[in-house]
> 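Pasting a structure below so you can have a look.
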Amino acid sequence: MTEITSEKLLWIYERMRLIREFETRAAKLFAAGQLPGFVHLYAGEEAIATGVCAHLTDRDFITSTHRGHGHCIAKEVDVRSMMAELYGKEPGACKGKGGSMHIADVSKGMLGANGIVGGGGPLACGSALTAKVLGTQQVTVCFFGDGAAEQGTMHEAMNMAAIWKLPVVFVCENNGFAESTPVAYHASVKDIADRATAYNMPGLTVDGTDIFAVYEAAGEAIVRARRGEGPTLIEAKAFRYYGHFEGDPLTYYTDEMRKGFQARDPIARFRKQVLDRALVPEARLNEIDTRAVQAIDDAVAFAESSPLPVPTDLLSDVYVTYAHA
Amino acid sequence: MTEITSEKLLWIYERMRLIREFETRAAKLFAAGQLPGFVHLYAGEEAIATGVCAHLTDRDFITSTHRGHGHCIAKEVDVRSMMAELYGKEPGACKGKGGSMHIADVSKGMLGANGIVGGGGPLACGSALTAKVLGTQQVTVCFFGDGAAEQGTMHEAMNMAAIWKLPVVFVCENNGFAESTPVAYHASVKDIADRATAYNMPGLTVDGTDIFAVYEAAGEAIVRARRGEGPTLIEAKAFRYYGHFEGDPLTYYTDEMRKGFQARDPIARFRKQVLDRALVPEARLNEIDTRAVQAIDDAVAFAESSPLPVPTDLLSDVYVTYAHA
Amino acid sequence: MAPRILTFREAINEGIRLEMRRDPTVILMGEDVAGGASLPYVAGKGEEAWGGVLGVTKGLAKEFGRDRVRDTPISESAIIGAAVGAAATGLRPIAELMFVDFFGVCMDQIYNQGGKLRYMFGGKAKVPMVVRTMIGAGFRAAGQHSGSHYSVFTHMPGLKTVVPSTPYDAKGLLIAAIQDDDPVIFFEHKLLYDVKGEVPEEYYVIPLGKADIKRRGKDITIVAIGRMVAMALEAATHLSAAGLEAEVIDPRTLSPLDEDTILESVAKTHHVLVVDEDNPRCSMATDLVALVTTKVFDYLDAPPVMITAPHTPVPFSPVLEDLYIPTPEHIVKGVQEMFEPVTA
Amino acid sequence: MAPRILTFREAINEGIRLEMRRDPTVILMGEDVAGGASLPYVAGKGEEAWGGVLGVTKGLAKEFGRDRVRDTPISESAIIGAAVGAAATGLRPIAELMFVDFFGVCMDQIYNQGGKLRYMFGGKAKVPMVVRTMIGAGFRAAGQHSGSHYSVFTHMPGLKTVVPSTPYDAKGLLIAAIQDDDPVIFFEHKLLYDVKGEVPEEYYVIPLGKADIKRRGKDITIVAIGRMVAMALEAATHLSAAGLEAEVIDPRTLSPLDEDTILESVAKTHHVLVVDEDNPRCSMATDLVALVTTKVFDYLDAPPVMITAPHTPVPFSPVLEDLYIPTPEHIVKGVQEMFEPVTA
Ligand SMILES: Cc1ncc(C[n+]2csc(CCOP(=O)(O)OP(=O)(O)O)c2C)c(N)n1
Ligand SMILES: Cc1ncc(C[n+]2csc(CCOP(=O)(O)OP(=O)(O)O)c2C)c(N)n1
Ligand SMILES: [Mg+2]
Ligand SMILES: [Mg+2]
């Protein structure tokens, strides 16, 4: 197993806890009518975004999905600006204009959540092309869902990345469902990673609730990409605790399924793994738990007290140089 | 090797010869300024369309490509109506409104050449769905090029056909090039058939200049489809004698390549194979040669003497029930 | 007898259901249109789970079975293309494009295959299919789930486009669309789904290409589309109080467009204002203004007015989104300025 | 000194070449834009084979290398999306969509990603990219290779749209488009490629959003787009002989549109006719008519006239295609009817 420094472990734990707190709070706020729109929560999949992004720096890029909060937090986007965005407030990451499904922070290499399933694949080829043409060592990670695997754009992106040996890591987050449709129905293969052979790239399936498995697989793929050896397809199998979006009655979940989720909870597993092996002191984890709650409390307070956009914001930012009336 | 009746062999030979004559004549007519527009010729690939369509009846369907003449002739579309279409004449298969790239005859199950690369994949799922829902035994063959294999629509179509076990046979005509771009550059896999595993369907690569190889592979796949066992991906490797379209200077061909093509000529191979094994009398083949020339002479004469569309044809056939001015 | 009241959502469901009962070649397919019906344990409950993302097709998989009501992968090109191919070979498919905003991943199959097949084949084929799709802002669904864009489809020869504004119209127009032998794009405004209205139980057809005069008036013609019809009617009430009687025309079908009803109205009122929730450039608003000004120019006593969304994507923040959508106030103001021009 | 004459094709090639020399972040990608440059035996000859399907980009791979001039697979979504992603992270890509008719397989990346990214990100990103694409009928290329459809892109907020009509304009506008910080769709009419005109050797920029008055006149304003500009100029010559002086305006950029130049002209001539090769519904033609009639209605002495293609796909047969395309005769007839209304 790859070595992980305790510093990195604590970073991962902190990010996972922040994600979980953020999502739990978002669910409550949505139920209370505080958050408008479509909100897709990442709880249950924390080990994927964090295990992958633990290998990246601010200069590396990620593309994301409609379920993007976890990717943002793993890429160290400020949770205050994220929460303000969910509220549609002016200091939001996107000035309140994007909302949950378009949350982005290019300065952190986070190229945006994306409302179009499969939309991020081609974009990932683009940021990777920039790195390749300019000869930087930047890597791009393209997160996409199991459902997105059936979208033609992902096929095109994987083929292009392969023939151009672009520094991309394709990470398929297989949470078992595309909305209410199970992966066993919508996918013609058992493991999405089996499709890697269709692009002559390495492919592997890992347990997406096991941070160590994700970390190791992503590490190798990212090193490979940085070396100029081209893309890899990693499928991480996990689950989502919440519905497809908030408001989903989740009629397609059974009690047994829910029990299975609890048993695989990525955060509980992480705690057990690191504590059993005494990799970090429990007190440090507990501190992080507390800080995560505080950070989200703070983010909510910030969002609530932040100003709304002003009417002229409607018409700005459509173009850089063409102010439209 | 699968048995082929001599009757079938003669049918195949006749269709191959008709295709070759049709294309040779079209090239000449184009060079002489007789044929307007984009004309993409199939010469060199005759064994694919004929070897596959030898298993089909009028009730079965095919979808085609921009390089569709061969598919039409293999599906027994009338060469007179085809030639008239190339001339843009009123008795053309499409009343002169479609031209080479849209030539079709739904009554023969030929669902149209297609100007959009990869456009036929989804359509093939559709005609196969009709057969499945209505419980007929009709099979659909989807012809597509090596270049089309990189188009997202083909990915979506193959996955859909697989999960629904649709009676489709996907036939990738790998002629080595997408326009001027070689398959070794545009495809991430060595054999397009390797992509079959990405859809959990059988996949195989055959020599597309060997009619017997094509016939056998297609036969099995079509039987499988008719039995309700789902799609197959067959890659048939061949070449095209002419340029991508007429007028292409073919700067990307070398003399060696051209020599290689001659050595693999599907019609010459067929003759040798059947005569060496005395499967049909040579005289019959020679008769067919003569008849093919006559049939194309006749088609050209027909096309040339046919009337042009009348001005009101511009506005008709846009809708079934909505006459637009 | 008390009138039978249904929501817009229920009216659409009923339209599909009646046609599927009547015609065994009608099938339905799209992402989650059954919704987990593919799960054995859900099917076991005797009901599908979702019936589409906003529940419009609930109950159909149960009645018609999974062969005719098909969940699909997230493969819009394959969904629409399969509908085109099926339509050309004997079925009457209803394909769902969940949000119109996704047209960019499948437009080729819609306009280049479905829309052109008949013409390119010289009239020797037909494509009797319907694409149902959700439109409209106001749901706080942000930049990629709130567009209207029926103009893009109306622009394309070979397609018919229908935008219903009431539950009654939705049912009758949808039945007409399914029976139609041409490809029809049927736009459902997501904010209308919960709107209620009278809908008779029986089977009825509202012909495509017939506008509906939703309110009679002599002073100005307001042409409004989809959800904007209600805005126009509300504005008309205010205007009436101020002494101006607006005639509100709902084209219902954008292609073909019932030009006569609109032109006759303008010839009578001498004024026209169009309300369109879509972006303004090359839009239905400009289409309607061009129709009126090229054909009955001499009847106009004032310049035509367009009330549309601005030339921006749909913003997420509710305060901004509310500014994006045309309102009755905008309409009233537009009309008033037409009658009492502001002097600068 | 004799004027320097280039074809429209050469002017575009030169525009790209000059920008690629000036700015190392400019790259070019698309199907066959090098054209067999990926073949070792072609590269060995020191020249790429094709330079695009109609030879527009010939020589660029040779000068700038295959890292900056990239052949691509037939994957339009990946091509455009890669351009968007590259533009947002530091390059200035020029992506080729071979024929505009193929927009249906990649429109999402154009309008929903490229066009909206900046707005959805609250202005915190920019997408400096160009999509070059071929338009136009007359090539006998039939129903799926002959469209124009710039209206669809002009409709979309966030995109800029440019349709040059002369070699001179093509070079200067293309350089401006590459330098622009927003996504620009650059429409090249395939029948213009062989048209010749004066093109100075040096580097020059024609700003986006500035119309060009291609001919001065006092009696009628003709607004014409792309290849239709030449048709309008030809018509103007005929009209002049008949005593009518037409002012011919080439908007050059459709979004942003130089409204002032058009409106000032109409305020002077009191008549407007628009010529658009695209289909008529929700088109640039209706956009221009709506602009004029909503903004300078009182200046108009006659109804505006639209000369467009019909609401049909482009037919293959040359005799039909020739009827599809607007001609100088149509324009002359339209103008004459405006001045001498036919009495029924
Ligand atoms: C092109 C497109 N089609 C459909 C949708 C609607 N949609 C949003 S999320 C979703 C399911 C996505 O499933 P998956 O990729 O597995 O991601 P998950 O939601 O499970 O994270 C669908 C169908 C969309 N946003 N974009
Ligand atoms: C969507 C789309 N992209 C690009 C084109 C232009 N084009 C026409 S044929 C062709 C090459 C096709 O290659 P392949 O699929 O191998 O077929 P072949 O011509 O070799 O038979 C291209 C790029 C097109 N018609 N449609
Ligand atoms: Mg999923
Ligand atoms: Mg090929």
> Under a 4.5 Å heavy-atom cut-off, does chain C meet the side chain of Val310(A), its backbone, both or neither?
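The backbone, not the side chain.
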> With a 4.5 Å limit on heavy-atom distance, are the side chains of Phe139(C) and Pro36(A) in contact?
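SC-SC contact between Phe139(C) and Pro36(A) ruled out.
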> Kindly give the heavy-atom pair with the smallest separation between Ile116(A) and Phe102(C), and that separation in Å.
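Taking every non-hydrogen atom into account, CD1-CD2, 3.5 Å.
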> To the nearest 0.5 Å, tell me how far Phe316(C) CZ sits from Cys94(A) SG.
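That separation rounds to 10.5 Å.
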> Does some side-chain heavy atom of Pro315(C) sit less than 4.5 Å from a side-chain heavy atom of Asp313(A)?
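A side-chain contact under 4.5 Å is absent here.
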> Using a 4.5 Å cut-off on heavy atoms from C-beta on, say whether the side chain of His145(C) contacts that of His66(A).
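Result no, sub-4.5 Å side-chain heavy-atom pair not found.
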> Grab the two heavy atoms, one from Asp32(C) and one from Ala178(A), that are nearest each other, plus how far apart they are.
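Reported closest heavy-atom pair: OD1-O, 3.6 Å.
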> Taking all heavy atoms of Leu314(A) and all of Pro310(C), pick out the closest pair and write down the distance.
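Looks like CD2-CG, 4.0 Å.
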> Which atoms of Met257(A) come close to chain C, meaning under 4.5 Å heavy atom to heavy atom: side chain ones, backbone ones, both, or neither?
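It is the side chain, since no backbone atom gets that close.
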> What verdict does the side chain to side chain contact (heavy atoms under 4.5 Å, CB included) test give for Glu31(C) and Thr181(A), after you've listed the backbone C-alpha separation in whole Å, the side-chain angles of each residue and the deciding distance to 0.1 Å?
CA-CA 8 Å; Glu31(C) 293 153 19; Thr181(A) 303; 6.0 Å; no
> Check whether Tyr185(A) gets within reach of chain C through its side chain, its backbone, both or neither, counting any heavy atom under 4.5 Å.
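Only the side chain of Tyr185(A) comes within 4.5 Å of chain C.
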> Search all heavy atoms of His102(A) against all heavy atoms of Gly143(C) and return the closest pair with its distance.
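Smallest interatomic distance, heavy atoms only, reads NE2-N, 3.7 Å.
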> Against chain C, label Leu35(A) side chain, backbone, both or neither, depending on which of its atoms sit under 4.5 Å from a heavy atom there.
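Neither part, no heavy atoms under 4.5 Å.
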> Tell me which of these, Val53(C), Thr72(C), Ile74(C), has more heavy-atom pairs under 4.5 Å with chain A than the rest.
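Most heavy-atom pairs under 4.5 Å with chain A: Ile74(C).
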> Could you tell me the separation between the OG atom of Ser75(C) and the NE2 atom of His186(A), rounded to the nearest 0.5 Å?
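With rounding to 0.5 Å, OG (Ser75(C)) is 9.5 Å from NE2 (His186(A)).
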> Which of the residues Thr254(A), Thr153(A), Val39(A), Asp317(A) is involved in the greatest number of heavy-atom pairs with chain C at under 4.5 angstrom?
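Most pairs with chain C among the choices: Thr254(A).
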> Does any heavy atom of chain A fall under 4.5 Å from the side chain of Thr312(C), the backbone, both, or neither of them?
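Contact with chain A is through both the backbone and side chain of Thr312(C).
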> For Phe177(A) together with Trp50(C), are the ring centres under 6.0 Å from each other?
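They do not qualify: ring centres at least 6.0 Å apart.
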> Below 4.5 Å, heavy atoms only, C-beta onward: do Tyr322(A) and His311(C) meet side chain to side chain?
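SC-SC contact between Tyr322(A) and His311(C) confirmed.
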